[in-house]
Every structure is written in C-alpha cells, then in structure tokens.
Number of protein chains: 2
Amino acid sequence: MTIADVAARAEVSPITVSRALREPARVSEPLRRRIDAAVRALNYVPDQHARALASARTNVVGVLVPSLTNTVFADVLRGIHDRAGKTDLQVQFANTRYSPLEEERLIRLFLSQSPAALIVVGIDQTQAGAKLLRAAELPVVQIMELGPEPFDMMVGFSQFGAGRAMTEHLLGAGYRRIAFLAARLDPRSNRRMAGYRAVMAEAGLADDSLMVQTKAPSSVQVGCELLREIMARRPDIDAVFCNNDDIALGALFECQRLGIAVPEHLGVAGFNDFEMSAAAEPPITSVATERYAMGVTAMDMIAKSIIGEPPEHKVVDLGFHLCPRASTRPSRAEAAARPRKPARPKVAKETR
Amino acid sequence: MTIADVAARAEVSPITVSRALREPARVSEPLRRRIDAAVRALNYVPDQHARALASARTNVVGVLVPSLTNTVFADVLRGIHDRAGKTDLQVQFANTRYSPLEEERLIRLFLSQSPAALIVVGIDQTQAGAKLLRAAELPVVQIMELGPEPFDMMVGFSQFGAGRAMTEHLLGAGYRRIAFLAARLDPRSNRRMAGYRAVMAEAGLADDSLMVQTKAPSSVQVGCELLREIMARRPDIDAVFCNNDDIALGALFECQRLGIAVPEHLGVAGFNDFEMSAAAEPPITSVATERYAMGVTAMDMIAKSIIGEPPEHKVVDLGFHLCPRASTRPSRAEAAARPRKPARPKVAKETR
DNA sequence: AGAATTCGTGATAGCGCTAGCAATTTGGTC
DNA sequence: GACCAAATTGCTAGCGCTATCACGAATTCT
C-alpha cells in the first residue's frame, strides 16, 4: 500500500498524489477529488519514515519535561497531547529528571533527529543547550514561566509574581510570621520563594529561620516532615506558605495530628491548586495556574508557526489566580465582602 | 553526517559500519574498533527514518493507556519510560480516554506504522482490536491485570483478588455493613467491585444499597460527594471500601466535615496506595500495587522478545499487598500481634 | 502578436539506510 | 594438496516518499 497504488487507482502520477495530500491547493479540483476517493478506498496512510527521509522534515514535536508523574507536568502534557491529536503532529516526550545536563543531552539528541518543533520547560537551560536552541531553525516554546529573551516563543506566568501574590494575600489576612516550606527547589519554586522573600522583606518581616526546605521531591509525606521541622524550630509562626499543594496537604495532616487548629492557630497555604485542595477539610488556600491551557497554547503556537503563520504574540502570559479558602483566615477585603458565618465554600469546577 | 562519512573515516564499506552498529558480533575485532572510534569521533547518530524505511522495522514501542494524568498510569508510564531509556527503544504514548473504540482506532493507527511492540491496558479490547493484536506479528504486552488467553504477554495482578482481599480484611476487622464507593467504573475497577461483591455474598452480607457509584472520573471531590450520598442513604454503614485512594481521601475529608470519627464510627479503605494515603490523618488503609514495576517488567519482556529471547514466563503476576492503617480498625490477627496503644504507624518508604 | 508569467502535471534523482546475495579469506578435513 | 564450511567483507538494488527541474497549456502583459 504505497503512494503508487493510490496513483494507479486515481490514474495520475505518484507525485501528484503526494501534492494532493500535502498542498491540496496546488492540484486541480477534479484530480483532487479522484485522488481523495482513491485514498479513502484504499485506506492509504502515508509512511512517516519515507516522508521524513525524503523531505528531511518530520511531524514530531519533542517535549522535554522534568518529570512525568508530577501533576503539574502531567496536566501540561495532557494539554499538549490533546491539541496534538487535532493536528497531524506527533508528540515525543522525554524526561530530564530535573537535570540541566540531562536536558542538554536530550536537546542534542532531539535536534539530531530534526523534529518539527521543541517544547522545553523554563528558562534555565545550560549555556550550551540555550545556544543550540537559539540557533535551531525550528519553533521552540518555553513553557511554565516567563523571562526576557525567549529563544523563540514562550507561554507561562510569573512564578515570582505568584509567590508575591500569595504572600501579600497572607499579609492582608493579618498573618505576620509566615513560614515558607519547600521541597526540592527547582528553578520555578525558587522564583516563587524569591517572590515570598521580596514581600516579606518589604514588610520588614523577612527572617531566614522561617524558611525550611529539603532536597527530597515534593510529596505529602515531605509536607508532614517539613511542618514538624518548622514547628520545632519556630513554634511561634502563624502561617505556612507551601511550595506546592502536596506539601500543604501534608502540613494540614500534620497539624491535625499535632492538634494545631487550622486556620485559627496556623494558616496553611499551598500552590498549584491541585484537585484535592478544594476538597480538603478545611479546603486549602492555593494559587491556580493554567497548566492545561499552557500545553494547548504551546501546541497552537507551534502549529501556527509550522504553517508559516507565526502567532501574533511570541510571549503569552496566562497568569494565575489566587484561591482563598478556609485553611487561611479571610483577608480584610474578603471579610468585608462576605456574610458573617462563612458558608461551606463553593468548590470550583474541577474537570479532567 | 551519514553512515558513508563514518565508513570513509574508518576505511571500510558503509554496509560494514551498518553491521558493526547492529550486529557487532558479525564484524571482526579490529574493524569494529576502527568503526567505533570513527562513530565517536564524528558523533554519528543513525537516522531512524532511513533505518525504518530500509528495514521495514522501527524501534518504537506504542503504549495505549486510558489516561495520562491518572496517577496509576503515570506510574506505569514512568516505569516504561525509565526502562526504555536503557535500551534503544523509543516510546510513543497515546491516550484512549477509556474508550474501547478509540483504543481500536489507535491500535489500527499504530499497527499501520509497524512498531517494534505494543503495550495495551487490560483485557477488554473490542473484538476487532483483539483480533488485530492477536494476528499482529509483534510483541504485545497487556498490563494492569491478568486473564486467560493473553494475546502474547501479560503483566499485572488480579484485580478481583485484590478486591476480595480488602473486603476480607475489613470483615476480619469486624466490619459488617461495608459500603463500596466507585467513580467511573473502568473494567479493572469493575473486577475489584466483583471481588467485593463475591466476599460479601459469601458472608451473607451482600446488599446492593451498599454500593454507590458515579460516571465522573475518580477524584477527591467525587469521594466527598459519594460519602455524603451513602451516608444519606445508609446511615448505618460501618465502613466504606473506596474504589481508589482519591475517593477514600475525599471520604475521609467529608467524615471530618460531618464529624464522623474514623475509624471508630466508620472505617475508610482505599485502593492503589497513593503516596498521600500513608501520610493522611488517620493514615488510610489501602492496597499497594506494583505499578512502576509493571512498566519496567513490560519493557523488559518486550526487549527480550525483540532480541529473540522471549521471556520464560509469558504471564507475570506481580501481586499486590494490603496496607492496613489507622483509618480502619485492626483485624483480629493484627490486634493480637500489636502492642495495646497503636504507635504512630510507620510510614512506608515512598520514593519517586 | 510575441514575450513573459502562471498554472497544473510529470519525469528524474535521490534522502540514508539495510536485505540479500556475491566475493573473498580463513581454517580445517580427508 | 584439493576440497568444503564458516567467517568476514562488499556490492547492488531498493524501501516510499519528495525536491527539483522540465514541460506544455492557459493567462497576462507590453
């Protein structure tokens, strides 16, 4: 079942079939109809390998992410994958395991296979990796955060700004001794922490002993441990801002174990607005990010670039939004706007 | 940078280079050394497309899973991916969205690209899909569960048996009116439910009003809703066996909200032993399954098959094990073995 | 009217690699 | 020393597709 079979059936030359499939506009109406009919009758599927070999191009989009299991990236991948299904692009994932060197190796590997485009996470590639991506003659999208001098395109939000926003929210709710709990600090968590630090410093409340971290990857268990640690070191804290919602959930569980009332004695805030956070008791204050949309948008930008219509904006800020919930006291603004007795908080729609 | 460049540098013919790379044993020691040196000096990477075109074979393993975000599959994918990194096999994922028809479409699509092997989930393919896979001349691994007449190979565990085991454990702990909470029932959840039903029937305790389910996919939020529903319908229940740990977590949160003491008034058990379950307060009784190992084993079997050494056992049972925790009363056997006052349960190591 | 351009189609020549066979060398066997 | 089998290397001919150029016919321009 090759292009020649289709050509024979449609009584045209193979090259015309090839054109009808790739650039229908360049083939006359009647031929195109005959060819389409033949393709359908024979259930013809072009051979990707032959196509790639002959044209020195592929329809494979390489995606380099630090982790395949972290919910954050799983959501982005789902967006990428869903959108890819609507084009003829294929997706090839690879796992950098949070290692810039591994990422560089994978960049080399992928580039050697001349993919249609690449998606990488963040802005902290190695120098060599950055140079390769900048020089590459293909669409490149950096996702998850924003920064100056994109290699090509960018879709994300300000991690620093999000860290600031949550910290400001907590200050606005009257918290003063706010601890920061962090698992393995990848570059994005680091920038959130920088946002926290900046706000605390501006308020004259900065204090390094309020910050606890570990090299272990983020998990609920780690959240438990970090909470015990900070409570041992600084029993006077009045809130914890957790790097990630699983840390926050662990912190909440540990509070229950230790008999610490949330939010009365301790406010607990997370980041990323995982599905479980809104359902927890009490529901956990968090910052929602547009992970799925990020994947979709990245693929959209790539699809447009490939057909020669690069997107209007090369850098897209999808923003974030704060989700104040009962695990922290309401801020003054909210308290004014709400009825006295806070009703069961409405749970945002959580679709998969 | 082609095989010809390497051949020129090593002063041999291109075909010898090709052989040295694919079947080193068939090339003499000295030539092999010269060729290896040339490959490294030129940083040569064979063109996958040319290779696939010429040999009518690829090194791509297709993986069809129902979901990319569900932790269960994310863990399996990680195993598959990790192991693939140690061979020269590439992995291509696709998402069936729990639809057998979509799965069939993808089976056709993948087979038309003659992959090196296929991994599919479970035993509930459409008739046409099953026929295609049975006829396919390539390694096929069915994962996640076991069953009679594998297409080729199988790695999993008995979902029915696991459902039985948990239900028996709950009975052994003295629970009698055990509800079953289920989100969208995919075939595997169904078999777990069948295990529950069988044990309840044997004990003379079966009662359809004890079973609640919804079409929504599994989530913590859905766990909350299901718990409210069953408590409204059957306030006399003494335990809930949840389809999945996120349902169990939601049930636990809802118990906290409703003031139901766990495990005194209600035992809560889950399934899959997600990381958060051991860290919850109280820690949630669950059934651990070997998801990562399943992915690794599947890839191992495939790798062996491809080099012509099919694995000794075509069907591998990785089993499961019960993790009794404080969200259910201890069974009689455990109670006898343990000290009176249950210490904080040790948390199993949870590595990522 | 003749030249220049555009349009639609086709012929040719590879893309980089490997299957299959052919040629050569080596190491034994009778 | 002639002969055979095995081991080693190389040649030839594509795999299925597309880039490039070529060609005639239709269209536009001067």
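These values consider heavy atoms only, across backbone and side chains, with no hydrogens, waters or symmetry-generated copies. Keep in mind that this is a model prediction, so the values were computed, not measured. A note on names: the letters A, B, ... follow the listed sequences, proteins ahead of strands, and every chain is numbered from 1.
- With sequence neighbours left out, the salt bridge (Lys or Arg N to Asp or Glu O under 4.0 Å) criterion links B/R51 to no other residue.
- Pairs of residues two or more places apart, or lying in two chains, never qualify as ring-ring contact (aromatic ring centres under 6.0 Å, His included) while including a residue from residues 113-135 of chain B.
- Salt bridge A/R78/A/D75: present, at least one basic N to carboxylate O contact under 4.0 Å.
- Note on residues 27-62 of chain B: pairs passing ring-ring contact (aromatic ring centres under 6.0 Å, His included), not counting sequence neighbours, are A/H49-B/H49.
- For B/R22, the salt bridge (Lys or Arg N to Asp or Glu O under 4.0 Å) test picks out no residue, with sequence neighbours left out.
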When the side chains of residues 109-120 of chain A are checked against the rest of the protein, which donor-acceptor pairs come out under 3.5 Å, sequence neighbours left out?
unit_1	atom_1	unit_2	atom_2	d
A/S112	OG	A/L109	O	2.7

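- An angle of 40°, rounded to 10°, separates the two end axes of the helix from C/dA1-D/dT30 to C/dC30-D/dG1, each defined over five pairs.
- Spacing between atom CD of B/E29 and atom P of D/dT9 amounts to 11 Å, rounded to whole angstrom units.
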Check: protein-nucleotides 12-19 of chain C nitrogen or oxygen pairs below 3.5 Å:
unit_1	atom_1	unit_2	atom_2	d
C/dC15	O2	A/A54	N	3.3
C/dG16	N2	B/A50	O	3.4
C/dC17	OP1	B/Y44	OH	2.3
C/dC17	OP1	B/D47	N	3.3
C/dC17	OP2	B/I3	N	2.4
C/dT18	OP1	B/R22	NE	3.3
C/dT18	OP1	B/R51	NE	2.8
C/dT18	OP1	B/R51	NH2	3.4
C/dT18	OP2	B/S18	OG	2.2
C/dT18	O5'	B/S18	OG	3.4
C/dA19	OP1	B/R57	NH2	3.0
C/dA19	OP2	B/R22	NH1	2.9

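- Summarising the geometry, the separation between CZ on B/R32 and P on D/dT8 is reported as 9 Å, rounded to the nearest angstrom.
- The list of ring-ring contact (aromatic ring centres under 6.0 Å, His included) pairs with a residue in residues 121-145 of chain A, not counting sequence neighbours, is empty.
- B/E11 has its CD atom 11 Å from the P atom of D/dG10, to the nearest Å.
- Atom CG of B/L31 is separated from atom P of C/dT25 by 14 Å (rounded to the nearest Å).
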Review item, side-chain donor-acceptor pairs of residues 132-144 of chain B, under 3.5 Å, at least two apart:
unit_1	atom_1	unit_2	atom_2	d
B/Q142	OE1	B/F151	N	3.0
B/Q142	NE2	B/G122	O	3.2

